[in-house]
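Reviewing the structure listed below.
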Amino acid sequence: MKLEKKFDASEAEGRIYRQWEESGAFKAGANSEPGADSFCIMIPPPNVTGALHIGHAFNNTLQDVLVRWHRMRRHDVLWQPGQDHAGIATQMVVERELAAEGQPSRQELGRDEFLNQVWSWKEKSGGEIINQLKRLGASCDWSRNRFTMDEGFHDAVLKVFRDLYDKGFIYRGKRLVNWDPHFETAISDIEVEQVEVNGTLWRFRYSLENSLTYAHPISFDSKGNPSGWEERDYLVVATTRPETMLGDTGIAVHPDDARYETLVGKTVRLPLVGRSIPIVADEYADPTKGTGAVKITPAHDFNDWDVGQRAGLRAINVMNPKAEMTLEGNLEFLDGCEPAPEALTLDGLDRYDARKKIVAFAQAQGWLDGADPDQHAVPHGDRSKTAVEPYLTNQWFVDAKKIVGAAMDAVKSGRTRIIPDQYAKLYFNWLENIEPWCISRQLWWGHQIPVWYDEEGNQYCALSEAEARAMAGGRVLQRDPDVLDTWFSSGLWPIGTLGWPAETPELQRYFPTDVLVTGFDILFFWVARMMMMQLAVVEEIPFRTVYVHALVRDEDGKKMAKSLGNVIDPLELVEKYGADSVRFTLATMAAMGRDLRLAESRVEGYRNFGTKIWNAVRLAGLNGCRMSQGFDPADNREAVNKWIVGETVRAIEAVDRALDNFRFNDAANAIYAFVWGRFCDWYLEFAKPLIGLGSTERVEETKSTVAWVIEHCLKLLHPFMPFITEELWAVTGERERMLIHADWPQLATAGLVDEQADREINRIIRLVEEIRSVRTQMRIPAGARIQLLAIKLDEASRQSLSKNEILVQRLARVERVEDGGIAPPDSVTISVDWGEFCLPLADVIDVSEERARLAKALGKAKEDIEILQNRLQNPKFASGAPEHVVEETRGRVERRRSEADVLQSALYRLKTGD
RNA sequence: GGGUGAUUAGCUCAGUGGAAGAGCGCUUCGUUUACACCGAAGGGGUCGGGAGUUCGAAUCUCUCAUCACCCACCA
């Protein structure tokens, strides 16, 4: 075995990944024992248009850790991969590409040809994200890769639609929806995000009809009661959206608003339009907002729609799907009014142009009452980033209220567990207030709604046109042109990928799935809907555990987004530091329930960790450390060897416990602390002198133990750092199987933890630390070999010391250890909790410095003793605290006392010796 | 406006009732034949402020401050 000084990740990663793939290591059930438990994770399918961002890297690292861990435990593992067809995103990408290449537009191509273009784009560019996941080391069963527009998946989607339709959970209706004028489609509530804008609040005067006037209060006394009035023949309304006035069909005032009570039931004349509209009383009007009188535009505002329904006001749509004004020939608009000629010049204008022009008219014609700057939130489409328009159209809805119960019960009863708990709260909160889900989209790329209409407008929901025609008695039918919301199909991801509606073996074996690993940003979009839909369709939960992880944010805590330019490209990090380093970093940052901010320095630190273990293996190799035939760590005689075996077992336990509880960071940190802090820093240094002894039993045992511990380190680390560990696995022995399929260590009950050896070695460690510290403080040259005298030791300590003398000599760089002497004058005293030592250094030490050192240590010890003493003397402590805490405190005070005694007498000696 | 979370070392973050931690950075020393992507020894924190519960609080409660995110809000 010959190893370079460092692991060449860029060379090795591709090669190792190919080995895994070619050997079928990722396949469902690979390495499983007959009759093993199954373990299934569904990947949150990335968009086909997607490029791997740091959030994907994080999400998939956690999944891969779990998957590899279970696979090594020989469970029957399936990690189901796939991509989402991402309706809007993909259609947008392809349209943009067509435009860039000077090709005909979507509309010019027509539906069928455009869809061909999308498919060929998907064939060409849609697999990129898979390659990127592979770079990361993701061990998905790629042979089962699915796409949400696959034929089989498509069939499942249509069947679900029909099932839900037949059960009355899906209906069509003309309702106000959030309309995205850029993509010209409806979107659902949760695809809308509020954006704060600095706008203007305009006030308009609408004339009262029939020569009506009223007294409007304009001044108030100190108590706030009106004291001055003005006679008005108009009513002032305030709006941030003047263009919607064209569709006004009423004015609402609060029923208790004294200012306007004489006006309720009267009418005003709408400027420009000339429509006569009523003043109605409605609780919605808030006397403290605006002027207290609010214009009502039922067709372009959700609240106004409700008011309109209550007051019987008409809803007049004044825009087309592009959010341009449509007035000419708009029968609804023209009905019952004669617009001024100026009004018709607005026809066809974009809503914002119309807004400007209307304000200009108002000013010119004297009905602009005023304007004030106003900051308010405007709803925007989350993909188009343009302001959405409440818009009255025919759409399909899932009556979510009818299917939400089972989804809530499943979590309440604990059949599905959401962790951390806080997200369960969020989940309930959203489901309790759920609104109908608008699932139709006026797009082409997606699952076309399986409904046909006859000439009379009757609808037939069927899985095929032939079936629909049969239902319609052979009438001429036309298919609904709309497609389904992408989240409708991804809501079926668990059963859809496992072959439903067929009764496949995979469905039998892996459903319900075990864990869903996801970010909280799609808790509503995806998780809640999967719960609802799976339960509605197959009456079974889709997963037993939902692990919700943090979002990766930039250094300012902002969500990373291309538009913000704060994206960290995980592949750049992979190229620079290797996939293992990136994975390990992400795992250590997976503390539950928090956002995480990524600092590149940490990736570098964990890259160094990889190099560290690489070199530990090198050291072992250079010393010919191999496990001897039939080596059993339980037979070890040497205390250090027993000790490190016990530490290994503890590390394994810590990792298992952490992963059982999805504490990825605890698992990663436990491995790190063990491999670097225990194994490399201490054990390997102990092993060096032992191995140097020549060919004895002690040497063989130590060499075997080194190899044994390394093997366990590689196994423990493999789920986190699969590449470097697989590489080292191959060079450290003749292997029957690759590490990915090696047996996860199960040693909890093997009785390998030896308390006696632990105590012994921990004592040695403390002594070495103390000697090193003193050496530095006394500025003893590192190369200088000095003598160590044991002054006061009990019999047990004396034995531990003599057995491990060689370790102390080497690590503390002392020449020999002499026992039972009396401290010579001007020596340096070393006090540990198990004995007193000294370094005779009369010619080297500065007595006053040594005195200061001792005094400082003594002071600290006395301080501690006092604190602990007070605690023990408090009767409430003795009675209130648990037994073991009291015991521990007693032990601590004892140890500190014996240390203090040593320091005290050393100080005394120095003084008298002076 | 409603909700959730955060505030711990210079920076990025762990730690949820019993001795303040990690990585990076900083200081000093080091060619001890695995590793300078290293080793050794250090410095650095009244755990955002205040009050309370408790024998004991970074941890639980209340309160204030600041920040972030989610939901609602286009008069």
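A note on names: the letters A, B, ... follow the listed sequences, proteins ahead of strands, and every chain is numbered from 1.
- At a threshold of 4.0 angstrom between heavy atoms, the contacts of A:Gly880 include nucleobase atoms, whether or not backbone atoms are also involved.
- Expressed to the nearest 0.5 Å, how far CZ of A:Arg772 lies from CG of A:Leu767 amounts to 10.5 Å.
- In this structure B:A6 sits in a base pair with B:U66, meeting the Watson-Crick or G-U test at under 3.5 Å.
- For A:Arg607 against B:C37, a side-chain N or O and a base N or O form a donor-acceptor pair under 3.5 Å.
- Residue A:Lys612 has a polar side-chain atom (N or O) positioned under 4.0 Å from OP1 or OP2 of B:G39.
- Contact annotation for A:Ala252: no contact, since no heavy-atom pair falls under 4.0 Å across all strands.
- Residue contacts shown for A:Tyr672 are limited to sugar-phosphate atoms, with no base heavy atom under 4.0 Å away.
- Within 4.0 Å (heavy atoms only), A:Phe302 reaches no atom of the nucleic acid at all.
- The interatomic distance linking A:Glu883 (CD) with B:C55 (C1') rounds to 15 Å, in whole Å.
- As judged by a 4.0 angstrom heavy-atom cut-off over every strand, A:Gln194 is placed among the base-contacting residues.
- The backbone N or O of A:Glu863 lies less than 3.5 Å from no partner atom in the side chain of A:Glu866, so there is not a single donor-acceptor pair.
- Aromatic ring pairs are classed by plane angle as parallel below 30°, tilted from 30° to 60° and perpendicular above 60°; the pair A:Tyr606 and A:Tyr672 is perpendicular.
- Side chains of A:Lys576 and A:Ser581: no donor on one and acceptor on the other come within 3.5 Å.
- Distance noted for atom P between B:U16 and B:A6: 12 Å (whole Å).
- Among the heavy atoms of the strands lying under 4.0 Å from A:Asn303 are primed sugar atoms or P, OP1, OP2 only; no base atom is included.
- Here the side chain of A:Leu619 is nearest to one of B:A34, B:G18, B:G23, namely B:A34.
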Let me have the donor-acceptor pairs involving side chains of residues 374-381 of chain A, under 3.5 Å, with sequence neighbours excluded, atom names and distances please.
residue: A:Asp374; atom: OD2; partner: A:His376; partner atom: ND1; Å: 2.9
residue: A:His376; atom: ND1; partner: A:Asp374; partner atom: O; Å: 3.4
residue: A:His380; atom: ND1; partner: A:Val378; partner atom: O; Å: 2.8

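- Classification of A:Glu894 and A:Arg897 as a salt-bridged pair holds, one side-chain N sitting under 4.0 Å from a carboxylate O.
- In the set B:A40, B:C13, B:C70, B:A40 carries the atom at the smallest distance from any side-chain atom of A:Asp681.
- Remark: P of B:U33 and CD1 of A:Ile691 are 16 Å apart, rounded to the nearest angstrom.
- Whole-Å rounding puts the A:Ile865 CD1 to B:A19 C1' distance at 14 Å.
- Residues A:Thr611 and A:Ala377 each lie close to RNA chain B; by heavy-atom proximity, the contact nearer the 5' end of the strand is made by A:Thr611.
- Note on A:Pro379: a base of the nucleic acid sits closer than 4.0 angstrom, heavy atoms only.
- In this structure, A:Lys295 reaches neither bases nor backbone, as no heavy-atom distance under 4.0 Å exists between it and the strands shown.
- Residue side chain A:Glu685 does not reach the base of B:A40 through any donor-acceptor N/O pair under 3.5 Å, judged by distance alone.
- Counting non-hydrogen atoms under 4.0 angstrom, A:Asp286 reaches a base of the nucleic acid.
- Within 4.0 Å (heavy atoms only), A:Val893 reaches no atom of the nucleic acid at all.
- In summary, A:Lys860 and A:Asp864 engage in a salt bridge, as defined by a charged side-chain N under 4.0 Å from a carboxylate O.
- Nucleotides B:G49 and B:C38 have their P atoms positioned 35 Å apart, rounded to a whole Å.
- A parallel orientation is assigned to the rings of A:Tyr423 and A:Phe520, their planes being inclined by less than 30° (bins at 30° and 60°).
- Comparing the C1' positions of B:U53 and B:U12 gives a spacing of 34 Å, expressed to the nearest Å.
- Backbone-only engagement by A:Asp374 is indicated by non-hydrogen atom pairs under 4.0 Å involving sugar-phosphate atoms exclusively.
- Residue A:Arg203 is out of contact with every strand shown, counting any heavy-atom pair closer than 4.0 Å.
- A:Lys425 has its NZ atom 17 Å from the P atom of B:G2, to the nearest Å.
- Two residues, A:Asn623 and A:Val192, neighbour RNA chain B, and the one matched to the more 5' nucleotide by heavy-atom proximity is A:Asn623.
- Nearest to the side chain of A:Glu888, among B:A19, B:C37, B:A40, sits B:A19.
- The side chain of A:Asp301 has B:C74 as its nearest neighbour among B:A34, B:C74, B:C37.
- A salt bridge links A:Asp372 with A:Arg203: the distance from a Lys NZ or Arg NE/NH1/NH2 to an Asp or Glu carboxylate oxygen falls below 4.0 Å.
- Backbone-only contact: A:Trp676 has heavy atoms under 4.0 Å from sugar-phosphate atoms and none from a base.
- Of the side-chain N and O atoms in A:Asn608, none sit less than 4.0 angstrom from OP1 or OP2 of B:G23.
- For RNA chain B, the neighbouring residues in residues 767-776 of chain A, judged by any heavy atom under 4.0 Å, are A:Arg772, A:Ser773, A:Thr776.
- Across the C1' atoms, B:C47 and B:A19 are found 15 Å apart, a figure rounded to whole Å.
- Of the N and O atoms on the side chains of A:Asn615 and A:Arg618, at least one donor lies less than 3.5 Å from an acceptor on the other residue.
- If you check B:G25 for Watson-Crick or wobble pairing at under 3.5 angstrom, you find it has no partner at all.
- Put simply, the side chain of A:Lys5 and the base of B:A34 share no donor and acceptor less than 3.5 Å apart.
- To the nearest angstrom, P of B:G23 lies 18 Å from CG of A:Leu586.
- Among the heavy atoms of the strands, none lies under 4.0 Å from A:Val237.
- Contact between the side-chain N/O atoms of A:Arg663 and the OP1/OP2 oxygens of B:G15 is found at a separation under 4.0 Å.
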